[in-house]
Amino acid sequence: MWRKLRIAILLLILATVVQQVWLDKVDLAWKRNFYVAVYPVNMDGSAKVGAYLRTLTAADFEPVAEYFAEEAAPYQLELRRPIEIQLGAPVSEAPPAPPTDKSVLSTIIWSLKFRFFAWANSPEVGVKPDIRMYLLYHDPATQFGLSHSTALSKGRIGRVNLFADTGYHKQNLVILAHELLHTLNATDKYDLTTTLPVYPDGYAEPGKNPLYPQDFAELMGGRIPQSETSAEIPKNLGQTLIGDMTAREIGWLR
Ligand SMILES: [Zn+2]
């Protein structure tokens, strides 16, 4: 009995996954905008982070929607605002962390677990979201660095590590925008060992002369190249651009 039930559940998950893959492909035609839900999570379980989360409003995330509207403008998508962001109620549980061993099997199992988590933890927002981003807030006073954020294009979900402090908010939005584009098939354009943007696709202005210092970061390149061996973290979305390769990956440039 339990065995049959388990098989039935697995088949149901598989069917959903297959359907989702198909939907994901269709969607990138940009005939309609994407609705994103952002769900804050108090990762420390502390009163301090909880108090910060209560200060968050939809207006805090509006700059991300405006940023994508501006960046999309040159591509004439026939959509004034390709991305809409909705702030959902905080979620009390954290989504499963990605596996440390990076084996294919454990990655697949994790991605299924994460998708199940998202299915079970999606407080209602105005419009049913196409993309769900879990914003994992940490107290900057007790945590030195942030661990890696991850987002999946299959299932369109992300877990984004952020600092729970107004002073970090603008940088948080850069991380959110970067992870958001991963859910729309954009790839990283930086060297994973050095974190330096990869030339030319990870550069906002690869044709700039002289090449250094660059004035902007390519959103998926992550940093503003200062020289061949150094790059700075952008302070806000205004210091970032979406380059041609990223635009092509997300379906803006054909
Ligand atoms: Zn990335």
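Counting starts at 1 for both ligands and their atoms, in listed order.
- Taking a cutoff of 4.0 Å between a charged side-chain nitrogen and a carboxylate oxygen, Glu78 and Arg32 do not qualify as a salt bridge.
- At a cut-off of 2.8 Å, Glu179 does not coordinate the Zn ion (ligand 1) through any N, O or S atom.
- Ion pair Lys48/Asp139 flagged as a salt bridge, since at least one NZ, NE, NH1 or NH2 atom sits closer than 4.0 Å to an Asp/Glu carboxylate oxygen.
- Of all N/O/S atoms in His182, NE2 sits nearest the Zn ion (ligand 1).
- Taking the side chain as every heavy atom from C-beta outward, Phe34 and Ile85 never approach each other to under 4.5 Å.
- When the Zn ion (ligand 1) is compared with the N/O/S atoms of Asp188, atom OD1 turns out nearest.
- No close placement of the Phe163 and Tyr137 rings is indicated, their centers lying 6.0 Å or farther apart.
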